[in-house]
Amino acid sequence: SLRKRIVFLGELIQLLGLSNVDIVWGRAEELAQNAKYRGQFDVVIARAVAPLNVLTELCLPFARIGGCFLAMKGPKAEEEVAAATNAFKILGGKVRATTSITLPILNELRSVVRIGKIADTPRAYPRKAGIPERQPL
């Protein structure tokens, strides 16, 4: 939701010479209720910005059935996956794989969790801003 991230992405897209790329500024809780974005994407990607059960609620509604959500997590990803089992069930997701990677330059361990979208996410999700963090699924 921070404008400075959008500005950075715009500069990066220009630097890389990418075309056919749209940048959308807004909160996931609001954009995911918009038919233009909900259930429209093959792949949704997020870095470690929240616990996996919260992040799944914010991101999975954007994926189409048959698509996936890729979440970059820290070295304790398996613990987060276990804690998010209920969220996956409610939101229409299923863990397909967890892959460990070592970041170049930093030499730090990360995990990428691939969550397949197997069913529609109920319209009640994501809930209004702040609720997923205060009352995680």
Side-chain angles (χ1 to χ4, degrees):
S1 66
L2 296 176
R3 183 81 175 148
K4 68 181 180 181
R5 292 183 186 141
I6 299 303
V7 170
F8 166 77
L9 290 173
E11 291 171 1
L12 184 62
I13 288 166
Q14 217 173 13
L15 179 68
L16 295 173
L18 300 176
S19 60
N20 197 23
V21 176
D22 291 327
I23 301 172
V24 179
W25 180 34
R27 296 196 64 87
E29 299 92 337
E30 296 165 7
L31 292 173
Q33 298 299 338
N34 183 328
K36 182 177 179 181
Y37 304 110
R38 188 178 188 89
Q40 299 299 310
F41 301 96
D42 294 325
V43 179
V44 178
I45 301 171
R47 62 183 188 88
V49 296
L52 189 56
N53 52 355
V54 173
L55 201 55
T56 299
E57 180 173 349
L58 298 176
C59 295
L60 199 60
F62 291 99
R64 66 168 181 79
I65 294 176
C68 69
F69 163 44
L70 301 174
M72 181 188 262
K73 301 304 296 176
K76 296 183 179 182
E78 291 299 335
E79 292 174 24
E80 287 198 49
V81 166
T85 301
N86 190 48
F88 302 143
K89 195 180 308 181
I90 292 170
L91 301 167
K94 180 177 177 136
V95 175
R96 299 290 189 199
T98 301
T99 305
S100 294
I101 59 172
T102 301
L103 295 178
I105 301 170
L106 298 175
N107 200 34
E108 294 178 358
L109 185 64
R110 296 289 188 275
S111 295
V112 176
V113 181
R114 183 167 57 98
I115 302 156
K117 178 81 173 261
I118 60 171
D120 281 327
T121 300
R123 279 312 232 176
Y125 301 99
R127 295 167 290 170
K128 292 183 180 184
I131 296 174
E133 293 84 2
R134 287 191 310 270
Q135 300 171 2
L137 297 175

Give a yes or no on whether the backbone of [Y] and the side-chain of [X] come within a donor-acceptor separation of less than 3.5 Å.
X      : Y      : answer
Asn53  : Leu137 : yes
Arg127 : Gln135 : yes
Gln40  : Arg38  : yes

Once you round to the nearest 0.5 Å, how far does [atom1] of [X] lie from [atom2] of [Y]?
X     : Y      : atom1 : atom2 : result
Lys89 : Ile118 : NZ    : CD1   : 11.0 Å
Leu58 : Glu133 : CG    : CD    : 6.0 Å
Ile13 : Asp22  : CD1   : CG    : 8.5 Å
Glu30 : Lys128 : CD    : NZ    : 10.0 Å

Side-chain heavy atoms of [X] within contact of [Y], under 4.5 Å:
X      : Y      : result
Leu103 : Met72  : yes
Phe88  : Leu60  : no
Ile131 : Glu57  : no
Leu91  : Ile115 : no

According to side-chain contact (heavy atoms from CB on, under 4.5 Å), who are the partners of Cys59, at least two apart in sequence or on a separate chain? Val44, Ala46, Leu55, Phe69
Connected via hydrophobic side-chain network under 4.5 Å: [X] and [Y]:
X     : Y     : result
Val43 : Leu18 : no
Phe8  : Trp25 : yes
Val21 : Leu9  : yes
Val49 : Ile45 : no
Ile23 : Leu16 : yes

Going by the rule salt bridge (charged side-chain N to carboxylate O under 4.0 Å, His left out), which residues pair with Asp42 if we only count those two or more places apart in sequence or in a different chain? Arg64
Among Ile101, Thr98, Thr99, whose side-chain contact (heavy atoms from CB on, under 4.5 Å) with Ser111 holds? Thr98
Contact summary for [X] and [Y], nearest pair of heavy atoms:
X     : Y      : answer
Glu80 : Ala50  : OE1-O, 4.2 Å
Pro61 : Pro126 : CG-CD, 3.6 Å
Val54 : Pro136 : CG2-CB, 4.0 Å
Arg47 : Arg5   : NH2-NH2, 4.2 Å
Ile90 : Tyr125 : CG2-CE1, 3.6 Å

